[in-house]
Structure formats: structure tokens, C-alpha cells
2 protein chains.
Amino acid sequence: MARSSTRPTSRDVAQAAGVSQAAVSLVLGDKWRGRVSETTAQRVREAARELGYRPNLAARNLRLGRTRTVLLVVPALTTEFFAGVYTGAARVAAEHGFGVVLYPSPEGIGPARDPFASAQTALDGVLASSMAADALTAIRGDQLPLVMLDSDPEGSLGAATVNLDIGDGVRQVADHLLSLGHRRVLHLAADVPSWTFELRARELAARMAAVPGTQVHTARAPISIEGALAATETALTTPGPRPTAVVCDDDKLAAGAYKAIRRLGLRIPDDISVTGLDDLALATAIDPELTTVRLDAELFGERGMRALLAVLEGALPESGDIPVHLVVRGSTAPPPGR
Amino acid sequence: MARSSTRPTSRDVAQAAGVSQAAVSLVLGDKWRGRVSETTAQRVREAARELGYRPNLAARNLRLGRTRTVLLVVPALTTEFFAGVYTGAARVAAEHGFGVVLYPSPEGIGPARDPFASAQTALDGVLASSMAADALTAIRGDQLPLVMLDSDPEGSLGAATVNLDIGDGVRQVADHLLSLGHRRVLHLAADVPSWTFELRARELAARMAAVPGTQVHTARAPISIEGALAATETALTTPGPRPTAVVCDDDKLAAGAYKAIRRLGLRIPDDISVTGLDDLALATAIDPELTTVRLDAELFGERGMRALLAVLEGALPESGDIPVHLVVRGSTAPPPGR
DNA sequence: GGGAGGACGTTATACGTAACACGTGGGGCG
DNA sequence: CGCCCCACGTGTTACGTATAACGTCCTCCC
């Protein structure tokens, strides 16, 4: 119990199982056929699981002089293109027992920083987006210092959290539309179970409800242009008074909404206003340019990293949400007949 | 000389400098103030440089029980948003002497694969995009097995290369426009010194020249919507007969061209056709949808990785360019008056 | 009944680095 | 003149793992 502060080694496992360290290595390395009895192997595996043993990769790499790891150098991370490159490469690598580590040649970080400085690996800590939920259990298993990005403060596993003030962004959108005179709004929501999207729905509904006579209908769509197109088209052709504005959970959904609206022969923003959230390049590529909420992703990353570094030093991370700002462009206007 | 096949260790450096291994560690670790004379330190640094010494990170990490490396978990790599997150995080981390390794929670790679399997680090090999040129010198310094992605076969440092058949893509674009009847074309070129962009210009010019009476003018723009907008507007308002088609080096440039054309009061494709290259989500978000060349990024990644694995096994990598396909959408039509 | 060999493990070692704990002269100071 | 301490290093160790090289029994067969 006294040594619970340090990670268990194969020697600890050996002691717990009453065997030598070598035996542990053999069993866990799957090299024990005919060298260790089934029952002993069982006992070793049990002990390893109980102690939460994870091999020290630095030691293994040193011993083997090999890492089964490959570096993928890409020009930057800003392109969807290289996202696909990574996906394909990682799949094949995984099939061969290799890992892939990304080194996105950073534009903001001085010229030609040594790629290998980024690869010292085995980890000191983790900065995790709450949307990568399935990876979190594995992370917690390692008891590594953890900082969450944009996570439900209640459900963040006790880890420190850095959040964008998305709730305020949604309120800004609502206020903007209300002040233009909109009262019937369609919320095009991302069909993804995530705290951040629930927050958006909640805040939008609450803010609109503060003004008498407002209505918010909701349509759900997967985060893709086609999905948003279909959902929007369905929602806008439903009988009853048509919404005068569509509030989208992100810019990509808004791009889909544009296509649906255009397909119905309506004009943006004359017949119907549209808002997004993210302020991607996409927002200014489409016509008219999209009124949206700008999220300062770089600042978000900076703050997250600062928090993690603070945790690593035993200090208390800076708190407070990161402010976001509404960017008004050409996709919003007063509702027709006003 | 005989041991030139294996990487030099700090002990090799020590021997070359006529000091102990400990001294080397002190000098290179910058902990020698008042412990080692300036002249001796000089000698050690000299020897290290001469031997091309690089510390073994696995050994260092093992010794220190610490890695100064942090993991950033993101939902996927497909969002520009998290690209910004990475940039900001990496900048701050670098300021603190930390590296960042990306673990893009892979959608295609089975559920919740252990993030730490990807982090075995120190590298066996490198898969490098030719666009990350500034990083390449550092890579070569380590003599790691290397496979280049989309690189000039002549200038790839002797490394194996996996290429998309961009040249053929450009030829398909040219043939498409020619068969529609276009004869005056504006080439909106990426203002980036890179083999792949030179190739596009060369192939386009060659293919168009095969038909008598064709003209290709060139405008250069940085790869951004605003840059492309400005360059296109300038090019289209130049005196003389206006081009009937704009061939863009990628989809983002095409989005900028759209805005310039619209600003000039022209219609796509009635007055002028536009083509892109990449087939990003952007291509179907804009109106009309963009005729472009689809690059199979995932396949590209797969082929690259396969090649690298082959090199690591001492085998000969599969050769042959990866085919690409023209996707005809609504942005191209016969030229006006035809 | 004796030796060979399989079943089951163990002991010992090396990977390359960082840093603690020691030397060892020589010069300054009392 | 004697002592101490500083300048300049060196010897040694440990980090945690994988694996080669050894034991032991016990069984089985001649």
C-alpha cells in the first residue's frame, strides 16, 4: 500500500504472484508456451490485472532497441486531407502492431523544430477532449495527470477542466436574433450525445423563453452537410408557420441548412436567417457569409496546456471559462414583413 | 568506423573526447557550470557533433522516469477546430520544453484502442509529406527509414516515395474543359514552392497546348479564401478577352474564386466555369457544387504506411502512383455563346 | 535401476542515460 | 607551514524490461 504512489513494475507483479520477474515477462510477453505452467501463468495475469500493471515502455524500448512506432509528418493539421491520410495510415499500422504518432509540422512554433523533440513519449499527462469519451476509461486506468477540454464540470472524473463559454455564445446568438425581431426559431441540433450539445439546447431554449411569444423547434442531424440538408428540408416543409431563423449547432450544419433553404426556393437572409457556431473557414466560403460564434481554438489549447502544466507542478490550474464572440455576417437579418 | 552501423552512444562520445561518460552527460545536459572546464566542454561538444550523437530517449526517459511529453486526445482529425487546439497547445508546450504527441481517437480503428499503445515512441521510421520540407533535414540527420508522401521522385533524398497521380488528375480536368469547348483558361495557382504545384502547372499547360488555339494564364495566390478572392478578381478584370474557366490548384482556392466571380456579377457556370482539386467537404458546401478531383487520402495513407513497413522489413515497397478521379458537379458547363 | 530429457522456472545481464558520492591536486589563507 | 576548500572530473549505480543460459525435479524407458 505504501508504494501505491509509484507505478507497479513487473517485479511487483512477480512478488505478488510468487514468481520471478522473468516469469512475468515471459507470461505477459506471450512467450511461455512450454516454459511456464498454465496455472502459474494464470496467477501472473491475475496479479498483473489486480495491480493495474502497465509495462514501462521506456524500459521496453531501451531493452529492445525498437519501438514499433512510426512518425507521420504532415504540413499542418488544418486540412481535412491529411486527416484522412492519418486515418488510413493508423489503420494499417494498427494491423501490424504499430502505433502512429503525429507530428504536425507546426507553423506557429518557430521554423523546423526538431520533430524528435516531440517524440520523447511515454506520457507525463493527458489533455483530453470530452468528445473522445471512449478513450477516457483507458486514460483513467493509468492514473495520469489529466485535464479535460470542454467537459461537463460534474462529470469530469474529478479532473481539472478548461471550458469554452459556449453557453454564453448561444445566448449571444439568441439575443441577436431576438433583437432583430425573430420569434419562431428552428434549432438544428447535432445528433451527438455530448454534454456540450445538450448545453446548447438548454441555453437556447432558456434565453428564447425569456421573451414572451417565442417558439423553438428542434431538428436533429448528424454533423455532415448531407445530414443537415435532409433534416432542415424536412423541418421547413412541416405544416404550420415556418421558422424565420435557423440556429445551427455548428458551421457545417449551417452549410447543410443553406442548401436545404436554397432548394426550397427561399433566400438567405431575406426569407430566413441562419446562424452557425465555430467560425471555420467554411463560414466565409459560403454565400452569404455566415453569422456565427467565433471560438478561439488556439487560446483554448493554450489554456488547456497551461492548466495541465500547473497540475503537473502541483499547482492549482487557472479557472474561468474562455469567452467567445458572436460574429455577425450576412446570413442574419430581420424576419420578412418587418 | 566498424561501429558506424549502430547509433553512437554517450560512451562513444566520451571515448572520442577522452573523458568519462559522466562528463558527457554533464556537458550535454548543460549541468557543467563549475564542474567541467570550458575547454573540456568544448571538446565534448565537438566530439558529439562529429559523431552525430543523439541521446537515446528511451534510456533517458527510463532514467528520469519522466518524459516532458503530453498527450492531446481529440475526437478526430477532421476538424479545423482541433487543428487550432493543437497549434496553441503545442506552442505553449514548446515554451516549457514539452512536446506534444497527437492521438486522434481513430474512428476507423476499432473501438477505444488504447491511446498509450500509440505512444511507444522513439521512432523506427518516418512517413513524411514532402510539404513538411523544413522538417526533413532533421529527419535525415537521424538516418531513420523514410518514406516520402507525394514527393518529387528526383529530389526525395533517395527515399522511397508514394505519390498520388496528381498529374493525371490535372489532365482529366484539362480534357473535361476542352471537351466542353473552353479555350481560354485561368490557372489559379497556389503560391507555395512545392513540387506538386509545379507539376500541376506543367501538366495543365502541356495538356492544353495539345489543342491549337488555347491559352492558359496564371494567377498566384496564397492558399486562403481571401487570397484567392483578390488574385482572381485582379486576373478577371485585366483587359483583354476574359477566361471562360478557372482551374484552381485546390478547393479552397476555388472557394475564393467563387466569391470573386460573384462579386464581379458573373454567374457560375453560365459565364465562367470553375474547377478545384482535393474534394474537401467545402466542395459540396458551396453553390454550385464544385467540379473537382477526388484524392483518396485514406488510400494514400495506407499505401504510404505499407511502403514504410516494407522498407522496415528490408523489402521493396510496392510502386505505382495512386489513381485519382475527376468528379463533375455543377461548376462546369460549356463556355457562354456555345 | 539409472540415465535422458521434458516441464517449469530462476539467475544474471545488458540496453544508454543521469546524477550521487567520491577522489585529487593546487592555491589561498591563517 | 599546514589546512581547507575549490576546480575538475571519475566511478558507480539504478531506472524496468526481455532473454540467454542455467538449474531442478520428475517421469519414462531401456
Side-chain angles (χ1 to χ4, degrees), chain A residues 3 5-45 47-48 51-68 116 120-124 142, chain B residues 3 5-45 47-48 51-68 97 116 119-124 142:
Chain A
R3 58 186 283 79
S5 63
T6 182
R7 271 177 53 162
T9 73
S10 63
R11 209 175 311 271
D12 296 330
V13 175
Q15 188 166 357
V19 297
S20 71
Q21 178 267 330
V24 173
S25 182
L26 287 175
V27 171
L28 270 43
D30 218 29
K31 301 237 188 297
W32 56 282
R33 341 149 207 257
R35 321 245 301 134
V36 175
S37 71
E38 177 58 47
T39 54
T40 306
Q42 207 59 266
R43 199 149 33 90
V44 168
R45 280 190 288 259
L51 293 178
Y53 169 72
R54 301 268 190 157
N56 179 319
L57 294 180
R60 171 180 291 172
N61 291 343
L62 174 58
R63 172 65 228 243
L64 295 179
R66 188 181 28 129
T67 61
R68 305 198 80 84
F116 304 96
Q120 320 207 39
T121 321
L123 309 157
D124 280 353
D142 269 71
Chain B
R3 60 187 281 79
S5 62
T6 180
R7 272 178 51 162
T9 72
S10 62
R11 211 176 308 272
D12 296 331
V13 175
Q15 189 166 357
V19 296
S20 70
Q21 179 266 331
V24 173
S25 182
L26 286 175
V27 172
L28 271 41
D30 216 32
K31 302 236 186 294
W32 57 282
R33 343 157 204 250
R35 322 246 302 135
V36 176
S37 71
E38 177 58 48
T39 55
T40 306
Q42 206 62 265
R43 199 149 33 89
V44 168
R45 280 189 288 257
L51 293 178
Y53 168 72
R54 300 267 190 157
N56 179 318
L57 294 180
R60 171 180 290 173
N61 290 342
L62 174 58
R63 173 63 230 243
L64 296 179
R66 187 181 30 129
T67 60
R68 305 200 78 85
F116 304 95
Q120 321 205 39
T121 321
L123 310 157
D124 281 352
D142 269 70

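Note that the coordinates shown come from a computational prediction; the quantities given were computed from them, not determined experimentally. All chains are named by letter (A, B, ...) in the order of the sequence lines, taking the proteins before the strands, and each is independently numbered beginning at 1.
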Whole-Å distance between [N] [atom2] and [X] [atom1]?
| X | N | atom1 | atom2 | result |
| --- | --- | --- | --- | --- |
| A:Gln21 | D:dA20 | CD | C1' | 14 Å |
| B:Trp32 | D:dA7 | CH2 | P | 13 Å |
| B:Arg11 | D:dT10 | CZ | C1' | 13 Å |
| A:Lys31 | D:dA20 | NZ | C1' | 14 Å |
| A:Asp12 | D:dT17 | CG | C1' | 13 Å |
| B:Gln15 | D:dT10 | CD | P | 13 Å |
| B:Leu26 | D:dC8 | CG | P | 13 Å |
| A:Arg60 | D:dA18 | CZ | P | 5 Å |

query: Starting at the 5' end of DNA chain D, which residue's closest nucleotide do you reach first, A:Leu28 or B:Thr40?
result: B:Thr40
State, to 0.1 Å, how close [X] and [Y] come at their nearest heavy-atom pair, and which atoms those are.
| X | Y | result |
| --- | --- | --- |
| B:Ala41 | B:Val36 | N-CG1, 3.9 Å |
| A:Glu38 | A:Arg45 | OE2-NH2, 3.3 Å |
| A:Asp12 | A:Pro8 | OD2-CA, 3.3 Å |
| A:Tyr53 | A:Thr9 | CE1-C, 3.4 Å |

What's [X] touching, base or sugar-phosphate or nothing? Going by heavy atoms closer than 4.0 Å.
| X | answer |
| --- | --- |
| A:Ser25 | base |
| A:Ser20 | base |
| A:Val19 | sugar-phosphate |

query: Do B:Thr40 and B:Trp32 have side chains that get closer than 4.5 Å, going by heavy atoms?
result: no
- line: Footprint ends on DNA chain C, 5' to 3', for atoms under 4.0 angstrom from a heavy atom of chain A, come out as C:dC8 to C:dG16
task: Please check if the side chain of B:Arg11 supplies one atom and the backbone of B:Gln21 the other of a donor-acceptor pair under 3.5 Å.
output: no
query: Around A:Gln15, counting heavy atoms of other residues, nucleotides and ligands shown, do more than 12 lie under 6.0 Å from its CD?
result: no
- prompt: Between A:Ser10 and D:dA18, does any side-chain N or O lie under 4.0 Å from OP1 or OP2?
  reply: no
